[in-house]
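Report on one structure; see the data block that follows.
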Protein chains: 2
Amino acid sequence: MNKPAETARERILTAANKLFYAEGIRAVSLDTIAEKAGITKKTVYYHFKSKDDLIEAYLASRDQPNLKQFRKWFGEAEGELPDKVQAIFRQIAVSARHPKWKGCGFLRTAAELANMPGHPAMKVGAGHKKKFETWMREEFEAAGIGSAPDLARHIVLLLDGAFSTILVHRDPAYAEAAGEAARALVASARARQAT
Amino acid sequence: MNKPAETARERILTAANKLFYAEGIRAVSLDTIAEKAGITKKTVYYHFKSKDDLIEAYLASRDQPNLKQFRKWFGEAEGELPDKVQAIFRQIAVSARHPKWKGCGFLRTAAELANMPGHPAMKVGAGHKKKFETWMREEFEAAGIGSAPDLARHIVLLLDGAFSTILVHRDPAYAEAAGEAARALVASARARQAT
DNA sequence: TGAAGTATATTCACTGGTGAGTATACTTGG
DNA sequence: CCAAGTATACTCACCAGTGAATATACTTCA
């Protein structure tokens, strides 16, 4: 039971995921995706109305899995709040050591589509990042931190900074550094909670 | 004296700069660049041996101007060290409000070339970012901050995080937030200097 | 119940256009 | 003259998207 009766649509999305993430949006043609999915290009166009539509579906398919992964890393980490936040960055460093790691698919797609600000995929990307920020904010609020919105945003900045700099330098140490900074900011915000 | 006798090579680089930055690396063809430069594609190939070569030259041409801009923003800012660091982020927020702003050319190119880690342009990009980090470290060392290397890296992370998140959300407020976080980290590191 | 119709899903073969890169010939200043 | 620089005109591969046809399955009503 290798592939449990995947539908054509699923196979297309699976192939798009791998190829778009590995090579980039504009570097991958629908011919290549169709071939990898084992179907015809016309079938791709039956299930998705255009390449842009498929790009959007690709990002949408990563939204929940990615968030779930972050929640898991956070939830399963030992220690206090600062440690749990830091754990996210530690796990990113671990992921980034795998040779197939190519940064954050949302950020890379945003970079490629920077000339099309209204692109539907950009909205999906922005929504995804906003969900992460909201989740962080809620965690901080639950911990009684007064500056939760600001702190959440700072964590987001460090996270996306880590994704970007690791990609540029091919050095996961940047994730560790971001984790240290995040930890310090959370600890500092919590200390100020002696209200 | 509109164009003071620019050479063909300069015109090509000028056109490449505008187009690559505005549209992205893979979205722009050499035909388009040649047309914008007012010459033939063959002339482009006379001065640059391939598109990859031109991409590299494009990034290289941005290296010093960008660094100089950062130094200027830092140097001309009022106040103490934390304020001067924050000023860089404030100015990025200002830049990001211009409609033609499309993020950091180095980061966006790195995102597009993520599948070609050895690409010469990637080395130029990494070198540029490293120079920024080194410069920050030197400023912090000159100010007598003990954890200068770590702090410099944290600033870099916030900077590249700001570039990325502004691009995703089309919201310069992220640069202001990054500036606040940077300011706090610098101030905190300086306070610890009561050794 | 079963033939006719209809919706879903897929293929093959194609088009108009663009991409990077090149062979060859022209031009012009030293 | 001749070499650096530029142009015309080309190749060949690829790409997003389409036209026409087909197979399969699900309806519906005589």
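All chains are named by letter (A, B, ...) in the order of the sequence lines, taking the proteins before the strands, and each is independently numbered beginning at 1. Hydrogens, waters and symmetry mates are skipped; everything else that's a heavy atom, side chains included, is used.
- Cation-pi check for B:Arg108 over B:Tyr21 is met; the charged atom lies under 6.0 angstrom from the ring centroid and within 45 degrees of its normal.
- B:Tyr46 does not carry B:Arg9 over the face of its six-membered ring by the limits of under 6.0 Å from the centre and within 45° of the normal.
- With a heavy-atom cut-off of 4.0 Å to chain B, the contacted part of DNA chain C has its first and last nucleotide at C:dG19 to C:dT24.
- How far CD of B:Glu112 is from NE2 of B:His119: 10.5 Å, rounded to the nearest 0.5 Å.
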Nucleotide N/O of nucleotides 13-18 of chain D paired with protein N/O under 3.5 Å:
{"unit_1": "D:dC15", "atom_1": "OP1", "unit_2": "A:Ser29", "atom_2": "OG", "d": "3.4"}
{"unit_1": "D:dC15", "atom_1": "OP2", "unit_2": "A:Ser29", "atom_2": "OG", "d": "3.3"}
{"unit_1": "D:dA16", "atom_1": "OP1", "unit_2": "A:Lys51", "atom_2": "NZ", "d": "2.8"}
{"unit_1": "D:dA16", "atom_1": "OP2", "unit_2": "A:Leu30", "atom_2": "N", "d": "2.9"}
{"unit_1": "D:dA16", "atom_1": "N7", "unit_2": "A:Lys41", "atom_2": "NZ", "d": "2.8"}
{"unit_1": "D:dG17", "atom_1": "OP2", "unit_2": "A:Tyr45", "atom_2": "OH", "d": "2.9"}
{"unit_1": "D:dG17", "atom_1": "OP2", "unit_2": "A:Lys51", "atom_2": "N", "d": "3.0"}
{"unit_1": "D:dG17", "atom_1": "O5'", "unit_2": "A:Tyr45", "atom_2": "OH", "d": "3.4"}
{"unit_1": "D:dG17", "atom_1": "N7", "unit_2": "A:Lys41", "atom_2": "NZ", "d": "2.9"}
{"unit_1": "D:dG17", "atom_1": "O6", "unit_2": "A:Lys41", "atom_2": "NZ", "d": "2.7"}

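- Residues B:Phe20 and B:Ile33 have side chains in contact (heavy-atom distance under 4.5 Å, counting atoms from C-beta outward).
- Judged by the 6.0 Å and 45° rule, A:Arg190 forms no cation-pi pair with A:Phe140.
- Under the 6.0 Å distance and 45° angle rule, A:Arg62 does not count as a cation-pi partner of A:Phe106.
- A salt bridge links B:Glu141 and B:Arg137; the closest N-O separation between the charged side-chain nitrogens and carboxylate oxygens is under 4.0 Å.
- Around the NZ atom of B:Lys72, the shell of radius 6.0 Å holds no more than 12 heavy atoms that belong to other residues, nucleotides or ligands.
- Straight-line distance from the CD1 atom of B:Ile12 to the P atom of D:dG5: 11 Å, rounded to whole Å.
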